[in-house]
Amino acid sequence: MSALQLDAEALYTELLAGVRRLLLPDVALVGVWSGGAWLAERLQRDLGLPGKHGVISSALHRDDFGSRGLAAGHDATSLPFAVDGRPILLIDDVLFTGRTIRAVINELYDFGRPSSVRLAVLVDRGGRELPIEAAYAASRIVLPATQRLSLTRDDAGGFTFSVREAS
């Protein structure tokens, strides 16, 4: 266990302010399953945006799908709006290698061609393996590749982070 302490609720407040600056007319928020979906749900409400946010899964487009398969308890992609010609703001909790974002962009294009796709994250932890960059990150940290940073949500909707050794 790491001594790293991140205040997920304080970072959410920063994310809210950052996302507010990224909003375009008719933008659709799309959260990456699961932490990004939780964030998108709360952002949609706190920003007073009309309609519903989308949820997108990386499972079917991952380059390691053969070894990982579908995650237990996994929810499928749900985009309750037309993607074609619409600006999309992807929301994720932690940006690391960029592989999940690559996979969700592939999934997104299965539903249509957006006018633009931007990314906002709660934490950018570095370690990129692909040329993926967030338009906004509430925090940038460095963690050893052996550690995993996970967002959790309690029953009241509050966010916390945990750091543990990767298995």
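We use all heavy atoms of the structure for the numbers below, so side chains are in, but hydrogens, waters and symmetry mates are not.
- Judged by distance alone, the side chain of Arg42 and the main-chain N or O of Leu16 form no donor-acceptor pair under 3.5 Å.
- Among residue pairs with one or both ends in residues 129-142, those qualifying as side chain to side chain donor-acceptor pair (under 3.5 Å) are Arg99-Glu129, Asp124-Arg140; sequence neighbours excluded.
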* Can you list the steps and then say if Asp84 with Arg113 is a salt bridge (Lys or Arg N to Asp or Glu O under 4.0 Å)? -> CA-CA 5 Å; Asp84 276 328; Arg113 185 172 184 228; over 6 Å; no
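- In this structure the side chain of Leu95 never reaches within 4.5 angstrom of the side chain of Arg125, judged on heavy atoms.
- Judged by the 6.0 Å distance and 45° axis criteria, Arg128 is not positioned over the aromatic ring of Phe96.
- Panel note: side chain Ser57, backbone Thr77; no donor-acceptor pair is recorded below 3.5 Å.
- Between Trp38 and Phe159, the two ring planes are parallel [angle under 30°; tilted spans 30° to 60°].
- Closest non-hydrogen pair, Pro80 versus Lys52, comes out as CG-CB, 3.8 Å.
- Legend: residues meeting side chain to side chain contact (heavy atoms under 4.5 Å, CB included) with Pro25, ordered by chain and number and at least two apart, are absent.
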* Could you go through the side-chain contact (heavy atoms from CB on, under 4.5 Å) check for Glu9 and Thr13 one step at a time? => CA-CA 6 Å; Glu9 284 296 325; Thr13 301; 5.9 Å; no
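- Side-chain contact between Leu149 and Val123 is present, with heavy atoms from C-beta onward closer than 4.5 Å.
- When all heavy atoms are compared, the tightest approach of Gly51 to Gln44 is O-NE2, 3.4 Å.
- The CD atom of Gln147 sits 11.0 Å away from the CZ atom of Arg164 when rounded to the nearest 0.5 Å.
- For CZ of Arg148, the number of neighbouring non-hydrogen atoms (other residues, nucleotides, ligands) closer than 6.0 Å is 12 at most.
- The side chain to side chain donor-acceptor pair (under 3.5 Å) search around Thr152 returns Thr160, not counting sequence neighbours.
- The shortest distance between side-chain heavy atoms of Leu89 and Val30 does not fall below 4.5 Å.
- Among Leu151, Asp46, Asp7, the one residue that satisfies the side chain to side chain contact (heavy atoms under 4.5 Å, CB included) test with Tyr12 is Asp46.
- Summarising the geometry of Phe161 relative to Leu11, their closest heavy-atom pair is CE1-CD1, 4.0 Å, with the distance given to 0.1 Å.
- A side-chain N or O of Glu107 and one of His61 form a donor-acceptor pair less than 3.5 Å apart.
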* Report the C-alpha distance between Leu108 and Ile56 in whole Å, list the side-chain angles of each, state the deciding distance to 0.1 Å, and finish with yes or no for side-chain contact (heavy atoms from CB on, under 4.5 Å). => CA-CA 7 Å; Leu108 182 65; Ile56 197 158; 3.7 Å; yes
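- Between Leu119 and Ile101 there is a side-chain heavy-atom pair separated by less than 4.5 Å.
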* To do: Could you walk me through whether Ile91 and Leu43 pass side-chain contact (heavy atoms from CB on, under 4.5 Å), step by step?
  => CA-CA 9 Å; Ile91 307 294; Leu43 286 165; 3.9 Å; yes
